[in-house]
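Just follow the structure's listing: the first ligand is 1, and inside any ligand the first atom is 1.
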Amino acid sequence: MESKRVAAERAVEFVTDGMIVGLGTGSTAFWAIRKIGQRVKEGLKIQAIATSTASEKLARELGIPLLSFAEIDTIDVTIDGADEVDSNWNLTKGGGGALLREKIVASVSKELIIIVDESKIVEELGSFPLPVEIIPFGYEMTLKQLHKLGAEPLLRKTDDQIYKTDNGNFIADCHFGKIANPEELHQALNLIPGVVDNGLFVKLATHVIVGHKDGSVRELSPS
Ligand code: 5RP
């Protein structure tokens with residue numbers, strides 16, 4: 001928890017008056033939203049756009065002014081977590097189920113600051129099963145197509161009920177083994193009818209901030 005909090009708080013130092021800020025989702029992004037809320041109370045003037053109903057609710061509770069996509073053309077900075085970060089800063093995201101909204105927000109952000117604890121840094125993606133958002137119609141067939149692509153897809157469930165995203169879709173958690181070429185896999189997945197998007201974020205991160213258990217923080221340099 002400490003490692004997530006320190007990484008998140010370092011990232012919030014990038015936020016300055018007048019910015020439009022993307023708010024990520026998950027237990028690390030939670031700390032960033034809390035810190036932004038604190039700074040807004042102290043007078044920081046920003047407007048934000050959230051990547052999930054949970055983050056939107058938290059932002060409202062903290063008094064962070066929120067915008068809709070109709071009101072903006074671009075986002076200055078987005079702060080979000082990740083499930084894995086590889087040596088080229090490709091990411092696996094969606095452990096918290098918000099990958100689609102997160103990707104929409106990330107793709108229109110000038111800066112995407114990824115905040116993680118040290119356990120998320122890997123050489124190659126693939127230990128964490130890749131979340132793939134699929135539409136409910138024909139989902140059994142979409143799972144078969146994912147299998148044909150080399151995955152062991154597992155339909156995400158909570159308490160025996162099929163998990164539903166904020167968009168009303170399902171998530172297939174896909175074990176592919178090591179992902180040697182994230183860009184190629186990303187494209188192949190998104191060509192399957194029934195797949196809405198997948199949790200591979202390729203060449204989107206502009207900063208990676210890593211928190212450690214001892215409370216130290218390090219910003220990675222691009223390789
Ligand atoms: C949610 C995400 C999260 O950023 C990711 O799962 C990391 O979560 P946490 O910060 O709780 O470890 O992609 O869809």
For this session: Apply salt bridge (charged side-chain N to carboxylate O under 4.0 Å, His left out) to the pair Glu2 and Arg5, showing each step before the final yes or no.
Result: CA-CA 5 Å; Glu2 181 63 3; Arg5 187 179 65 76; 2.9 Å; yes

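Atom 6 (O) of ligand 1 has as its closest protein heavy atom Asp83 OD1, 2.7 Å. Summary of contacts: the protein heavy atom closest to atom 3 (C) of ligand 1 is Thr25 O, 3.3 Å. The shortest contact between atom 10 (O) of ligand 1 and any protein heavy atom is with Thr28 OG1, 2.6 Å. Protein heavy atom nearest atom 1 (C) of ligand 1, with residue, atom name and distance: Glu102 OE2, 3.1 Å. Scanning all protein heavy atoms for the shortest distance to atom 13 (O) of ligand 1 gives Gly94 N, 2.8 Å.
Atoms of ligand 1 found under 4.0 Å from any heavy atom of Gly26 (numbered from 1 in listed order, with element): 11 (O). For ligand 1, the atoms sitting less than 4.0 Å from at least one non-hydrogen atom of Ala98 are 14 (O), numbered in the order shown with element in parentheses.
Side chains of Gln145 and Lys148: a donor on one and an acceptor on the other come within 3.5 Å.
A 6.0 Å sphere centred on NZ of Lys144 holds no more than 12 heavy atoms belonging to other residues, nucleotides or ligands. Within a 6.0 Å sphere centred on CD of Glu61, other residues, nucleotides and ligands contribute more than 12 heavy atoms.
Residue Ala82 places a heavy atom under 4.0 Å from ligand 1.
The residue from Glu111, Lys110, His207 that alone fulfils the side chain to side chain contact (heavy atoms under 4.5 Å, CB included) condition with Val77 is Glu111.
Between Gly96 and ligand 1, at least one N/O pair is under 3.5 Å apart.
Closest to atom 12 (O) of ligand 1 by heavy atom, among Lys120, Lys93, Glu133, Lys103, is Lys120. Among Gly24, Gly81, Ser27, the residue whose heavy atom lies closest to atom 9 (P) of ligand 1 is Ser27.
Residue contacts with ligand 1, taken as heavy atom pairs separated by less than 4.0 Å, involve Asp80 solely via side-chain atoms from C-beta onward.
Ion pair Glu124/Lys178 not flagged as a salt bridge, since none of the NZ, NE, NH1 or NH2 atoms sits closer than 4.0 Å to an Asp/Glu carboxylate oxygen. In summary, Asp17 and Lys45 do not engage in a salt bridge, as defined by a charged side-chain N under 4.0 Å from a carboxylate O. Ion pairing of Glu183 with Lys203 is present here, as a side-chain N (NZ or NE/NH1/NH2) and a carboxylate O approach within less than 4.0 Å.
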